[in-house]
Every structure is written in C-alpha cells, then in structure tokens.
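So that the names make sense, note that chain A is the first sequence line, chain B the second, and so on, each numbered from 1.
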2 protein chains.
Amino acid sequence: MKTARNTAAKTEIQDLIVTSNVALSHSEIQKSLDGLCDRVTIYRVLERLLEEGTIHKIVNVDGVVKYAGCHSCSKKHSHNHIHFSCQKCKAVTCLEDVEPSYKLPKNYKVSEMNFTLSGLCPQCL
Amino acid sequence: MKTARNTAAKTEIQDLIVTSNVALSHSEIQKSLDGLCDRVTIYRVLERLLEEGTIHKIVNVDGVVKYAGCHSCSKKHSHNHIHFSCQKCKAVTCLEDVEPSYKLPKNYKVSEMNFTLSGLCPQCL
DNA sequence: ATTCTAATGCAACAATGTTGCAAAAGTAAT
DNA sequence: ATTACTTTTGCAACATTGTTGCATTAGAAT
Ligand SMILES: [Mn+2]
Ligand SMILES: [Mn+2]
Ligand SMILES: [Zn+2]
Ligand SMILES: [Zn+2]
C-alpha cells in the first residue's frame, strides 16, 4: 500500500491554496514559496492534492490553470459551481453558491463541468 | 486602413474549421494542412479569423485550445452556448441550442463565458 | 506593370508541463 | 537511536504550445 507523507512542500502549498480566497496558479505558488522547493515538486504536490480531493483545478478562459481549495468535496470531486475570472484584477474566484442549470438535447453522460464567466468582479466594477 | 487579403492558407484553414462538425486544435489543423504553411502562419490566421468573427475559440477542460465556426455571430462574438467534450472519442462539439441559466449573487459584469461539459457523447454512450 | 503593404517563413525565444533517475527524507519497526 | 523501506525531491533533459522580430513573398488596387 502507499502511505502518504507530510513534507514541508506539501504542507506549505496546501496551506497557501486553502487559505487563499482566490485561485492560485503554479507560477503564483512558486513565487510565494520563494525557492522552498523545485518547480517540478510543485507540479507533483498539486497532482497529489488533486487526487486527495483537497483542491480542485480550474482552467481559465485564457487557458491559465489555477487551483482552489475544495469545500464540499469528500474524496470524490463534485464541482457544479461557477468560477469568475476578473479581466481587470485577474482574480479567479469560486462562486460556490452559483449552480447553473441547462438541459442537454440528446443522450449525453456528463461527468465533469468547467464553467467560467469573465468580466468585472464587484471590487473592480 | 487595413485591407484583408485572401491567401491559400487562410482559405484552407477557414474551410477546414467551418466545414468540420467538431472543433479543431492547432495541431489537428497543422496535420490536415500537411505542410501547406508554417506553424506560425496557422496561429496568425486563426487570430485573424477570430477577429473577423468567422470562428470562435474554446478552451477545453484539459486546457487544449480548439476552434469552431461561428453561426450566429455577426462581427461581435456572442457565445452563450455550451460545449461538450467527449472523454472517449475526444471530440469537442458546439451545442448551439443549449443556453445555460444562472444567477450571480453580487455585482458582477459578465462579458464572456466558457462552459464546457465533459463525459460521453451520444456516439460513445 | 508598378506600387503598397498585408501576409508569410524562419529562427529564436518564453512559458508550461512531463519524465527518468539518483539522492534525500518521512515513517514505522527494531 | 538505528535500521529498513519507500515516498518524495532535485536536477537535467525534453516536449508542447504560443509569441516576436525581421527579411522576403505575394495580394490587390491603380
Ligand atoms: Mn471552484
Ligand atoms: Mn461553440
Ligand atoms: Zn476584479
Ligand atoms: Zn465521443
């Protein structure tokens, strides 16, 4: 069996993401860590945190990948919430309360969704 | 003033995308063109087609950027439709008829949306 | 045919992400 | 505390995707 280990890198990265009120990109995390560990390690830690269900991944409209803490996810990711990407302050936030509704025409089996709105956030409006 | 010109590359790329019933990525287009023009030219043609409002850009859940023809866009892109990304056949399609509804909590100004569902398409179900 | 300039090719670069492998460091057992 | 096991890391090397500068090519209007 595989036994996960607690390392400085993992603890610090997890703390950064979960504490933050905006989603963070790999490069933003790297900047915050200030040389605590290698770039590759950050990628691998993020991968582990995703598998654990601690964080979730957001692909922004501009293609930038960001990470945010999970709140109502226990082991299985169930993200049916919207993300908002501010074009001015560049902040990407989870709108956990906003669940979109839609109706698919034919036989589709949905297992994942990625819904990002972009524009101006309340602070920048 | 700038006067657009019709070139072999542009004509071919536009035809490929508009004709296709699935969204195409840069690399898929490059493969189809089979050396007709340089990689960079493809990027620049895609940029032009986007500005012209002939095609629209889709950032998939996996981060892959795809391009599809516009149908109800006249100069201004207005894409309020959903995209579906099949995890089996990898096809990304426009579901032009499906318009999601949602209600944002605070003061947000939305100018763009990117909504992609992934799972199994009717063919793969 | 001449002229103007949009469009292209090429090389060089940057950003992001992945992989292999040896070294380092958790963790549990002794 | 020491040992043994295996996860995790660092480093180098690589792949993919996208951008930029500049000289050259080639539409299209005259
Ligand atoms: Mn979220
Ligand atoms: Mn579409
Ligand atoms: Zn903002
Ligand atoms: Zn399919």
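The aromatic rings of A:His56 and A:His83 lie parallel to each other, their planes meeting at an angle below 30°, with 60° marking the opposite boundary. Classified by interplanar angle (parallel below 30°, tilted 30° to 60°, perpendicular above 60°), the ring pair A:Tyr102/B:Phe115 is perpendicular.
With distances taken from any side-chain atom of B:Tyr43 to the nucleotides D:dG18, C:dT8, C:dG9, the minimum falls on D:dG18.
Look at A:Thr7 and you won't find any side-chain N or O under 4.0 angstrom from OP1 or OP2 of C:dG26. Remark: B:Arg5 is not in phosphate contact with C:dC4, judged by side-chain N or O atoms under 4.0 Å from OP1 or OP2. Close to C:dA15, at under 4.0 Å from its OP1 or OP2, lies no side-chain N or O of A:Ser27.
Spacing between atom CD of A:Gln30 and atom P of D:dG10 amounts to 11 Å, rounded to whole angstrom units. The interatomic distance linking B:Asn6 (CG) with C:dT8 (C1') rounds to 15 Å, in whole Å. To the nearest angstrom, P of D:dA29 lies 17 Å from NZ of B:Lys2. B:Lys66 has its NZ atom 12 Å from the P atom of D:dG18, to the nearest Å. Going from atom CD of B:Glu28 over to atom C1' of D:dT17 covers 14 Å, rounded to whole Å. In this structure, CD1 of A:Ile42 is placed 13 Å from P of C:dT18, rounded to the nearest angstrom. Distance CD (A:Glu52) to P (D:dT7): 14 Å, rounded to an integer number of Å. Between A:Asp38 atom CG and C:dT18 atom P the separation is 14 Å, expressed in whole Å.
Ion pairing between a basic and an acidic side chain is recognised when a charged N comes within 4.0 Å of a carboxylate O; B:Lys2 and B:Glu51 show no such pairing. Ion pairing of A:Lys90 with A:Glu28 is absent here, as no side-chain N (NZ or NE/NH1/NH2) approaches a carboxylate O to less than 4.0 Å.
Residue contacts for A:Val40: at a heavy-atom cut-off of 4.0 Å it reaches a base atom on one of the strands shown. Among the protein residues, A:Leu36 comes within range of the sugar-phosphate backbone only, with heavy atoms under 4.0 Å from sugar or phosphate atoms but none that close to a base.
The structure places OG of B:Ser118 at 4.5 Å from CD of B:Gln87, a figure rounded to the nearest 0.5 Å.
For B:Ala8 and B:His26, each mapped to the nucleotide of DNA chain D holding its nearest heavy atom, the one lying further toward the 5' end belongs to B:His26. If you find the closest nucleotide of DNA chain C to B:Thr3 and to B:Arg44, the one lying nearer the 5' end belongs to B:Thr3. Along DNA chain C, the nucleotide closest to A:Arg39 and the one closest to A:Ala4 are compared, and the more 5′ of them pairs with A:Arg39.
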